[in-house]
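Chain letters run A, B, ... following the sequence lines, proteins first and then strands; every chain starts at 1. The basis for the numbers below is simple: all heavy atoms, side chains too, and nothing from hydrogens, waters or symmetry mates. Remember, it's a predicted structure, so these values are computed and weren't measured experimentally.
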Number of protein chains: 2
Amino acid sequence: MSKRAFNFCAGPAALPDAVLQRAQAEMLDWNGKGLSVMEMSHRSDDYVAIAEKAEQDLRDLMSIPANYKVLFLQGGASQQFAEIPLNLLPENGTADYIETGIWSKKAIEEARRFGNINVAANAKSSDYLSIPGQNEWNLTPGAAYVHYASNETIGGLQFDWVPQTGDVPLVVDMSSDILSRPVDVSEFGLIYAGAQKNIGPSGLVVVIVREDLIGRARSSCPTMLDYKVAADNGSMYNTPATYSWYLSGLVFEWLKEQGGVDAMEKRNRAKKDRLYGFIDSSDFYSNPISVNARSWMNVPFRLADERLDKAFLAGADARGLLNLKGHRSVGGMRASIYNALGLDAVEALVAYMAEFEKEHG
Amino acid sequence: MSKRAFNFCAGPAALPDAVLQRAQAEMLDWNGKGLSVMEMSHRSDDYVAIAEKAEQDLRDLMSIPANYKVLFLQGGASQQFAEIPLNLLPENGTADYIETGIWSKKAIEEARRFGNINVAANAKSSDYLSIPGQNEWNLTPGAAYVHYASNETIGGLQFDWVPQTGDVPLVVDMSSDILSRPVDVSEFGLIYAGAQKNIGPSGLVVVIVREDLIGRARSSCPTMLDYKVAADNGSMYNTPATYSWYLSGLVFEWLKEQGGVDAMEKRNRAKKDRLYGFIDSSDFYSNPISVNARSWMNVPFRLADERLDKAFLAGADARGLLNLKGHRSVGGMRASIYNALGLDAVEALVAYMAEFEKEHG
């Protein structure tokens, strides 16, 4: 195959063709300087301009208020699972966590290693098919923060509302739905997102943190995990993941050209409406998630007979519809339809699903 | 300029043209699969094969014994400064450190936050111009480990010998000279190296660790910083820096094609002999480091009159000889001549230096 496939991978995920073409063109010679971006000193004027433009474009896209720092760090969201309590949870304090799936559960398990964690609500009772309303949450008065995952990549469960926690800082793992639709950053104390879904390549995690939450790290916190050190050094206390940061900047530029997150919301709404609409109209395919908690980004679905799964995946691969296999913990199929995928990808998938159903249904 | 410059950057540093050309060709379509390596799931067969080949090639290049694990981690060498004591230093133990410049000093400062650190030898007394012989070291009997930096990137000071520490594990920061000449891995308990000099892009750090040193992490060690977790999961406990790992693999392939580290030693010896030879033959340029401790990789030098520094750098830039400015803490010039640079780069630099001396000397 010499053309691009439709890549439904949950992450590392598809990137826009235009971004990859630009990176390809600039690979050996950025801007006529005779070197690749990945060969530049992170302290050079050229690279600092690339990094600062990326940050500014992200600030523009998300309307990030001036009293928030944007950090470009390493270690992925999983390292943030420790970094957040090490920075925000006093040794004798309590943090509230909401469990809605595998990723929020991992965050809870790691945070427990550093202090007192209260699981204020748990979607386990619904088998992770719906999200408990906030009136059912058992929040701790004076908690250090409340943590949740806005979208569960594996389960396909997404908040379509933002928890209200008053003066208690709200911390959100937005790895798999950041930039997919507008959010009001001022509602959050801290937003973090692994890059490899809607931002750029893996090996980069973006942290957007309100300034008053910086500078509280425990004395036992490794320097590289201290938000204050990162913030005071413009995310360059040591050499950052320069090429991933640059590629993320190209994605941000592309997003602005597309019309920003408002345009993405429209595009993503059309995509998920088409896919869920088709699934719901079929007796052959099914998605079990409560309608108001269905993810716009990750759509798990099952075939009526799981013995057909292999044939379905093989046929999809042959048509250039890649990475539709569901996570091993869930089974079935999963179509991840992040920003980089257009409605054409979903139409191609639906056409194949219809064809497969006709043949095997 | 439409051609490639000679890039003497200390890091992120020059990569081989052949590696960048291959990455460029594969950017949108790896192996006819219709997607970029950075869009692949790290759990996919294709990506796992890429990652495993990279590891095997590194094992071949360095003749890494079977009882060592090779880890591809994030956070750079600076995160290792904490990770090493968190994994190897018992709360009541002592570790010995050798201070030979800015990087080993940073390692000491970070390690002190986690336990008792003895600076067993310090090059400060010689103004970091020479390395104290081991007969002058004040090693701690029963130390948890001995740590040193085999090459100080900023000062240009390099060990041309390996410390002998008996049963005490030897831990080395090899960030800026790994793969530049042969080493006997079995002499070390742990070798670590940020990728952005001789391996690949920044955002990746390679750790080569003897198996008996794995599984000793403190209970307070974040999961992502625990060598056992990384080792047990093939460096994929979470999503690794997949694209950087792939590019490092391309560098390893290139190194094998060039003849491996033996060939690199020859190439690097010729480069450093030519550059130091020219500097020593000149009254205009100087390098103050003791001859047996001069770095093969980073060559700091001064002009006779520092008021000429700006003119020197401007003329170099105009000739496509980039990033020769010395580190701000040292001043003067620095030519970093890692594996990716050939003798032609050094010849071009020496020709310019001679020309500049003739004009201004």
Point-to-point distance, once rounded to the nearest 0.5 Å, from [atom1] of [X] to [atom2] of [Y]:
| X | Y | atom1 | atom2 | value |
| --- | --- | --- | --- | --- |
| Met27(B) | Arg22(A) | CE | CZ | 12.0 Å |
| Gln196(B) | Ser41(A) | CD | OG | 10.5 Å |
| Arg43(A) | Asn323(B) | CZ | CG | 13.5 Å |
| Met38(B) | Leu247(A) | CE | CG | 4.5 Å |
| Gln74(A) | Leu204(B) | CD | CG | 9.0 Å |

Residue selection (most heavy-atom pairs with chain B, distance under 4.5 Å) from Ala241(A), Pro12(A), Gly203(A):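 The residue among Ala241(A), Pro12(A), Gly203(A) with the greatest pair count is Pro12(A).
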So for [X], is it side chain, backbone, both, or neither that comes closer than 4.5 Å to the heavy atoms of chain B?
| X | result |
| --- | --- |
| Gln21(A) | both |
| Ala195(A) | neither |
| Phe114(A) | side chain |
| Pro222(A) | both |
| Ala13(A) | backbone |
| Ser78(A) | both |

Mind listing the closest non-hydrogen atom pair of [X] and [Y] along with its distance?
| X | Y | answer |
| --- | --- | --- |
| Leu322(B) | Lys33(A) | CD1-O, 3.6 Å |
| Asn238(B) | Gly76(A) | ND2-CA, 4.0 Å |
| Leu28(A) | Gln24(B) | CD1-OE1, 3.3 Å |
| Cys9(A) | Met40(B) | SG-C, 4.5 Å |

Side chain, backbone, both or neither of Leu225(B) within contact of chain A (heavy atoms, under 4.5 Å):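 For Leu225(B), side-chain heavy atoms alone lie under 4.5 Å from chain A.
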Ser220(B) portion near chain A, given a 4.5 angstrom heavy-atom threshold: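 The backbone, not the side chain.
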Most chain A-contacting option - heavy-atom pairs closer than 4.5 Å, from Ser244(B), Ser202(B), Ala25(B), Ala82(B):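 Heavy-atom pairs under 4.5 Å are most numerous for Ser202(B).
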Per-residue contacts, residues 83-93 of chain A versus chain B, heavy atoms under 4.5 Å: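 Checking residues 83-93 of chain A against chain B gives Leu86(A).
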Members of residues 324-331 of chain A whose heavy atoms come closer than 4.5 Å to chain B: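 Residues of residues 324-331 of chain A touching chain B at under 4.5 Å: Arg328(A).
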Side chain to side chain donor-acceptor pair (under 3.5 Å), paired with Thr223(B), selected from Gln79(A), Glu109(A), Arg113(A):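 In the set Gln79(A), Glu109(A), Arg113(A), the residue that makes a side chain to side chain donor-acceptor pair (under 3.5 Å) with Thr223(B) is Arg113(A).
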Asn7(B) side-chain N/O to Leu35(A) backbone N/O, donor-acceptor pair under 3.5 Å: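 Pair absent, no side-chain N/O of Asn7(B) close to backbone of Leu35(A).
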Asp45(B) CG: over 12 foreign heavy atoms closer than 6.0 Å: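 At most 12 heavy atoms, drawn from other residues, nucleotides or ligands, come within 6.0 Å of this atom.
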